[in-house]
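I have placed the structure first, in the form of structure tokens, so that the comments after it can refer back to it.
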Amino acid sequence: MSLIQEIDYGTPPSKSERQVTLTIDGTEISVPEGTSIMRAAMEMGTQIPKLCATDSLASFGSCRLCLVEIEGRAGTPASCTTPVAAGMVVHTQTERLARLRKGVMELYISDHPLDCLTCSANGDCELQDMAGAVGLREVRYGMEGSNHFAKDSDLRLPKDESNPYFTYDPSKCIVCNRCVRACEEVQGTFALTISGRGFESRVSPGMNEPFLQSECVSCGACVQACPTATLNEKSVIEIGTPEHSLVTTCAYCGVGCSFKAEMRGNTLVRMVPWKEGKANEGHSCVKGRFAYGYATHEDRITKPMIRASIEDPWREVSWSEAIDYAASEFKRIQAKYGRDAIGGITSSRCTNEETYLVQKLIRAGFGTNNVDTCARVCHSPTGYGLKMTFGTSAGTQDFASVDESDVIFVIGANPTDGHPVFGARMKKRLRQGARLIVADPRRIDLVRSPHIKADYHLPLRPGSNVAFINALAHVIVTEGLVNEAFVRERCDWAEFEAWARFIADDRHSPESVESITGVPAAEMRGAARLYATGGRAAIYYGLGVTEHSQGSTMVMGMANLAMATGNIGYRGVGVNPLRGQNNVQGSCDMGSFPHEFPGYRHVSDDSTRAVFEALWGRHLSAEPGLRIPNMLDEAVGGRFKGLYIQGEDIAQSDPDVQHVTAGLAAMECVVIQDIFMNETAKYAHVFLPGSSFLEKDGTFTNAERRINRVRKVMPPLAGYADWEVTMMLAEAFGYPMHYKHPGEIMDEIAATTPSFADVSYAKLDEMGSVQWPCNENAPLGTPIMHVGKFVRGKGQFMLTEFVETDERTSRKFPLILTTGRILAHYNVGAQTRRTPNTAWHPEDVLEIHPFDAESRGLTDGDLVAIESRVGMVTLHAKISDRMQPGVVYTTFHHPMSGANVITTDYSDWATNCPEYKVTAVQVRKTNRPSEWQERFVEHHEKSTRILESAVTEAAE
Amino acid sequence: MSSKNETLIRMANQIATFFRPYSREEAVKGIRSHIEAFWSPTMRRDLCILIAKDPDGLDAIVIEAVPCEIENHENA
């Protein structure tokens with residue numbers, strides 16, 4: 001195994017289909033028109049020396065190292081900025097060029113410290129490489145002249161170590177502008193610039209601020225682009241350069257970025273985004289690029305533990321004792337209370353193969369369909385809504401599709417924080433001129449950011465989504481903007497007519513619903529017209545759509561809109577959920593819902609059941625099992641007694657925490673498999689140590705249905721990968737499984753699931769990744785769904801009546817609380833809180849509009865109590881005009897914040913997805929934590945103390 | 001937190017509310033197939049017990065849509 005070296009072609013590829021033939025160094029080569037000479041040369045294997053060029057950035061032509069000679073042309077043009085031409089004859093190495101390049105390098109080196117041996121980039125430095133490439137043997141100017149590195153130089157600037165993950169050493173900067181351009185072109189944050197003029201020019205974050213204080217989002221694009229040690233990972237400075245690497249997939253959000261895990265032995269040196277990764281194409285965000293330290297954090301639990309009661313101290317035991325205890329408890333409970341008294345929860349953080357095994361154990365081993373997954377609380381309405389309208393439970397496009405969108409419609413999503421790498425891609429398209437509509441109660445960054453301004457920001461009131469989407473559809477129908485040809489060809493015409501009559505009713509008009517949505521009617525009309533007539537229009541949405549009592553209705557409403565305007569079935573359009581967790585798409589695909597087998601086939605379907613019964617060797621129930629909230633209801637009611645939870649923290653992430661913990665506390669055996677002692681584990685009887693994404697093989701499926709390989713780069717800290725632990729539990733339960741490698745599990749998935757029929761590890765190794773459906777009809781996968789025909793045949797328009805949620809504001813609870821995420825943290829924060837990302841966001845705060853703050857006598861930073869009908873927590877207030885009056889907002893990254901102490905148990909009508917986005921609250925100043933928070937601290941300390949004494953006992 | 005019966009009634013009524021814009025026939029069919037497809041047998045049995053003993057608060061169309069005779073028989 002060696003370090004994966006990616007070829008840098010110097011400039012981006014040309015998309016032209018016309019070929020141009022030229023001669024480089026006597027060899028004829030054909031390349032697409034618009035290709036640079038530098039790239040053409042590299043494609044035939046000739047590397048022209050370069051410093052300011054890299055193929056993720058547009059050519060710049062500043063370093064003057066890549067000069068070439070072209071027959072018939074005067075001078076020595078830069079090969080990065082000179083496009084190829086037919087018949088051109090190029091020489092990349094002549095005596096004259098060699099002399100010029102040496103001269104250029106002498107100038108560079110005369111202002112660069114000669115500390116290569118102790119430099120962190122030694123062996124990984126393009127300046128060093130180029131000095132070698134041009135044959136630099138002396139610097140005629142010496143090193144004594146004016147420079148930026150000598151300790152007594154007036155021009156020397158201090159090293160900036162403020163960012164937790166990388167350093168900026170201005171003394172090593174060659175002012176190639178790669179970092180500045182990467183920040184602009186790749187990430188689109190425009191945080192960097194060159195300050196000063198002439199010899200004083202230096203890279204400057206913001207207005208000459210330290211990196212951490214600037215608007216830098218720490219995506220790493222600048223570090224990636226830097227050819228020297230000027231911007232360098234602190235991990236490389238500490239450990240040294242890596243010696244081998246493997247391509248794997250990030251375990252944070254649903255974008256599913258591909259990274260090279262660069263290693264030294266079993267130590268992860270750094271994660272470097274992989275250019276060939278189709279989801280990210282060489283880009284990254286602060287989480288995937290840098291925040292992986294949690295995987296080896298001291299809080300990792302590496303020994304199995306058991307206890308008879310949740311009041312008892314934990315006792316460290318052997319793997320076999322823990323597994324045998326869990327299995328015997330599950331058997332005892334089933335014998336006493338019945339087969340359906342136990343169940344399990346699969347994890348959207350684990351691999352497809354692990355998820356598949358857990359649902360297999362529950363369905364075939366336990367003999368019940370009581371299996372659910374955390375998608376229940378995020379995108380289950382997506383699954384239901386898109387299946388009803390289009391016929392399949394997944395987004396319609398690949399990420400690259402947005403590059404061809406003319407109108408981007410973002411609803412209830414905050415891509416620059418929640419899905420940053422896709423957000424950067426979206427921003428790139430917006431800077432190219434695509435129009436933008438944002439529907440969000442809060443003014444998210446995308447509404448106004450450098451070189452981007454939304455055509456419409458529609459700050460709708462939380463809970464009014466369906467009224468809003470119906471108003472847009474009303475405009476499209478009543479103003480004659482329906483794409484009738486598309487609807488007649490692709491959709492059920494009778495259903496369309498019924499829908500059109502329904503939606504044309506005046507009660508759905510923007511003017512009628514203005515008082516409900518809070519959005520001026522003219523704005524809704526304008527946005528509808530832009531969506532329908534602005535060219536290729538794509539909807540991207542998030543949990544602001546799904547986590548409502550009408551989440552499924554809203555998904556169907558958006559699908560109606562796309563069908564009515566013909567924005568489905570080709571590039572640049574579609575209805576696209578931005579999935580939260582790394583493998584939430586996969587966990588749904590793998591049969592994690594209680595009513596569905598892998599591939600979204602209902603458990604009552606006899607032929608599907610027959611396939612699995614034959615392979616799994618057990619009778620399978622034809623009845624849907626319990627969903628998570630139903631399991632907890634049943635537990636409180638005394639009928640549900642045992643739960644196997646793999647990689648999920650329902651006591652923090654699910655709504656109405658006090659109900660969740662009451663349900664967990666009522667069970668007789670809760671088995672937690674996790675990498676940390678999470679909140680749910682405080683109610684568990686068996687703890688099985690989990691493995692991080694770095695410690696196992698498998699696959700994740702991202703939001704664009706892309707199946708990406710996860711590769712083991714280090715041994716599991718606790719000895720076993722999660723799939724192996726599930727197998728041990730299955731064996732102890734009396735349902736042995738015999739997989740030697742996750743690849744064999746994927747083979748079984750392919751054998752049983754038509755949309756995965758052609759997926760194999762061999763294919764994934766060959767192609768890098770593949771988007772399902774991948775079968776004999778689409779052996780190379782399916783980037784765009786519903787081309788020519790919907791999966792269900794004819795697209796189905798659904799009637800989407802607006803129904804006000806039961807959660808209402810009142811005099812006692814006059815504000816609406818809604819929730820979201822921040823860039824630096826991820827969901828419940830179990831990982832990111834254990835990394836230096838806390839530098840950006842040490843605690844959750846309550847954002848409140850200045851008007852609401854003033855009327856309550858609040859000032860910025862005050863401790864405030866937030867009280868809903870079900871509970872109360874306290875947070876510090878942040879006064880922000882991003883909010884609209886009447887709406888407050890918080891994140892849920894810290895367990896102590898207890899955001900879910902105040903959320904209600906209202907949920908989506910079709911899927912029970914909780915209504916996280918609408919909670920009526922009152923906010924007032926306070927000087928002490930809430931009772932729940934005081935209890936939380938007490939309970940947390942108690943469980944920690946118990947844990948420590950148990951460890952001491954074990955050690956003794 | 002709501003009691004289990006309150007939760008079941010609310011869930012059933014929410015489903016009925018979604019199907020309200022449809023014809024009665026379509027709504028009955030939609031509600032029935034939704035509950036059959038997504039509710040576990042125990043939840044359906046509990047709903048039938050509610051329908052038999054304490055249907056107050058349940059949307060009338062839910063009572064029409066849910067086939068309780070067989071379920072009640074099973075329960076008995």
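In the text below, chain A, chain B and the rest are named by the order of the sequence lines, each starting its count at 1.
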Residue from A:R639, A:E634, A:E801 scoring the most non-hydrogen pairs under 4.5 Å with chain B is A:R639
So, the part of A:R627 with a heavy atom under 4.5 Å from chain B: the answer is side chain
Margin query: Side chains of A:D905 and A:S907 only: does a donor on one sit below 3.5 Å from an acceptor on the other?
Written below: no
Name the atoms and distances for all side-chain donor-acceptor pairs under 3.5 Å in residues 21-28 of chain B, with sequence neighbours left out.
from: B:Y22; atom 1: OH; to: A:L799; atom 2: N; distance (Å): 2.9
from: B:S23; atom 1: OG; to: B:E26; atom 2: N; distance (Å): 3.1
from: B:S23; atom 1: OG; to: B:E26; atom 2: OE1; distance (Å): 3.0
from: B:R24; atom 1: NE; to: B:E64; atom 2: OE1; distance (Å): 3.1
from: B:R24; atom 1: NH2; to: B:E64; atom 2: OE1; distance (Å): 2.9
from: B:E26; atom 1: OE1; to: B:S23; atom 2: N; distance (Å): 3.2

If one checks every heavy atom of A:D340 against chain B at 4.5 Å, the contacting part turns out to be neither
Hey, is the main chain of A:T392 close enough, under 3.5 Å, to the side chain of A:R792 for a donor-acceptor pair?
-> no
Bottom line for A:N370: the part with an atom under 4.5 Å from chain B's heavy atoms is neither
Cut-off 4.5 Å, heavy atoms of chain A, and the answer for B:D46 is side chain
Okay, A:M631 and chain B: the region with an atom under 4.5 Å from a heavy atom over there is neither
Taken in chain and number order and not counting sequence neighbours, the residues that satisfy side chain to side chain contact (heavy atoms under 4.5 Å, CB included) with A:N465 are A:L460, A:H548, A:M554
(Q) Please confirm whether the ring centroid of A:H595 lies under 6.0 Å from the ring centroid of A:Y384. (A) no
Cut-off 4.5 Å, heavy atoms of chain B, and the answer for A:S549 is both
What one should report as the nearest heavy-atom pair of A:I469 and A:M558 is CD1-CG, 3.9 Å
From the list A:S604, A:P629, A:A910, the residue making the most non-hydrogen contacts under 4.5 Å with chain B is A:A910
